[in-house]
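Just so it is clear: chains get the letters A, B, ... in the order the sequence lines come, proteins before strands, and each one is counted from 1.
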Protein chains: 2
Amino acid sequence: MKKTGKNIHSETICAVDYAFQRIGGKHKGRVIYHLRNGVRRYGELRRLLTGITAKMLTQVLRELEQDNLVTRHVYLEVPPRVEYQLTDTGRELLPFIILLSEWGRKQMGMETAVSC
Amino acid sequence: MKKTGKNIHSETICAVDYAFQRIGGKHKGRVIYHLRNGVRRYGELRRLLTGITAKMLTQVLRELEQDNLVTRHVYLEVPPRVEYQLTDTGRELLPFIILLSEWGRKQMGMETAVSC
DNA sequence: GAATGTAGATACCATTTGGATACTATTGCT
DNA sequence: AGCAATAGTATCCAAATGGTATCTACATTC
């Protein structure tokens with residue numbers, strides 16, 4: 001519970017700002033990118049997104065869920081299973097993320113470039 | 001002078017991360033957006049980017065300059081005149097920013113939507 | 001001589017964000 | 001009984017980010 005106040009995009013007026021608030025942040029783009037091919041389990045994402053801590057991954061996923069960019073599906077099993085998937089709205093962002101990653105790859109120089 | 005260390009994208013390996021480091025942050029997208037039609041003076045940008053302080057605008061512009069996304073042209077006049085412009089690399093980002101702003105506008109609902 | 005305008009710089013503070021570490025619950029496996 | 005696996009929480013701390021207020025230089029204008 002984050003105090004109170006401007007947690008959800010408050011009164012943004014600028015569409016560019018608005019969009020950046022939804023996909024900005026350190027890891028959001030990368031999470032969306034790794035959901036590009038469909039369903040992923042929590043643990044899978046954690047292994048894919050090297051350098052992210054459990055706390056951050058959870059936090060980012062929750063924000064994306066609240067933002068209606070991913071869905072979270074909990075299976076009542078033990079050990080637990082939770083699957084994440086892009087919503088239609090989230091999928092609409094994919095072209096952008098993918099193009100951006102291509103731009104990034106180009107800028108980095110092909111040697112160092114890694115899909116992710 | 002920001003301490004020392006990982007100021008310039010350190011050793012990012014992920015192209016998505018890399019791209020977000022270059023255009024992420026609270027105002028970068030919007031600054032790029034407002035440079036979409038060519039040259040802008042510092043003061044113009046400040047008036048266009050409502051809600052940004054002089055400090056932040058300067059900081060963002062300097063980062064974009066270091067990142068080779070904008071050029072800074074100082075005229076030795078009094079009162080001073082400084083003009084900013086996108087580089088070719090920066091211009092390559094425009095399609096994405098514009099698409100993103102369209103996505104944002106769509107998401108916001110047309111009523112509230114404002115170009116910027 | 002004082003005020004105005006431009007494009008900042010600088011110091012200081014508050015908030016936000018991110019990270020390290022340890023901990024939980026439950027079942028199956030050995 | 002003890003351990004592994006999954007999907008997290010909780011707590012505390014460090015760093016990054018953003019904001020406020022004040023200051024500068026210099027020519028022009030009042």
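- A donor-acceptor pair under 3.5 Å links the side-chain atoms of B/Arg91 to the main chain of B/Leu86, judged by distance alone.
- Ranking C/dA11, C/dG18, D/dA7 by closeness to the A/Met56 side chain, first place goes to C/dG18.
- Side-chain N or O atoms of B/Arg30 include none that pairs as donor or acceptor with a backbone N or O of B/His27 at under 3.5 Å.
- Atom pair B/Glu77:CD and C/dG5:P shows a separation of 18 Å (rounding to whole Å applied).
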* Asked: Does the side-chain contact (heavy atoms from CB on, under 4.5 Å) test come out yes or no for A/Glu83 and A/Arg72, once each step is laid out?
  -> CA-CA 6 Å; A/Glu83 291 184 345; A/Arg72 179 166 179 266; over 6 Å; no
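- Residue A/Ile52 contributes atom CD1, which lies 15 Å from atom P of C/dT17 at whole-angstrom precision.
- For B/Arg22 and B/Glu63, the salt-bridge test fails: no basic side-chain N is under 4.0 Å from an acidic carboxylate O.
- Contact annotation: A/Arg72 side-chain N/O to D/dG8 OP1/OP2 distance is under 4.0 Å.
- For the pair B/Tyr42 OH and C/dG5 C1', the computed distance is 13 Å after rounding to whole Å.
- A close approach under 4.0 Å does occur between a side-chain nitrogen or oxygen of A/Tyr84 and OP1 or OP2 of D/dG8.
- The aromatic rings of B/Tyr42 and B/Tyr84 sit tilted relative to each other, their planes meeting at an angle between 30° and 60°.
- Distances shorter than 4.0 Å separate none of the side-chain N or O atoms of A/Arg62 from OP1 or OP2 on D/dA7.
- You'll find that the side chain of B/Thr53 is closest to D/dG19, out of C/dG19, D/dG19, C/dG8.
- Distance, A/Leu48 CG to D/dA7 P: 13 Å, rounded to whole Å.
- Without hydrogens or angle criteria, B/Thr89 side chain to B/Leu69 main chain gives no donor-acceptor distance under 3.5 Å.
- B/Arg46 comes within contact range of no nucleotide atom at all, as no heavy-atom separation falls under 4.0 Å.
- Remark: the backbone N or O of B/Leu57 is not paired with any side-chain donor or acceptor of B/Arg46 at under 3.5 angstrom.
- Listed pair A/His73 / D/dA7 fails the phosphate criterion, with no side-chain N or O lying under 4.0 Å from OP1 or OP2.
- Nearest-nucleotide positions on DNA chain D place A/Glu83 closer to the 5' end than the other of A/Glu83 and A/Lys55.
- In this structure, CD of B/Glu63 is placed 15 Å from P of C/dG8, rounded to the nearest angstrom.
- Judged by distance alone, the side chain of B/Glu44 and the main-chain N or O of B/Arg41 form a donor-acceptor pair under 3.5 Å.
- Atom CD of B/Gln59 and atom P of D/dT20 are 14 Å apart (whole Å).
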Polar atom pairs (N or O), protein with nucleotides 24-30 of chain D, under 3.5 Å:
none

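- Distance CG (A/Leu76) to P (D/dT6): 18 Å, rounded to an integer number of Å.
- Residue B/Lys26 places none of its side-chain N or O atoms closer than 4.0 Å to OP1 or OP2 of C/dT16.
- A straight line from CG of B/Leu57 to P of D/dG19 spans 12 Å, rounded to a whole angstrom.
- For the OP1/OP2 pair of C/dA7 and a distance below 4.0 Å, the side-chain nitrogens and oxygens of B/Arg41 include at least one atom meeting the criterion.
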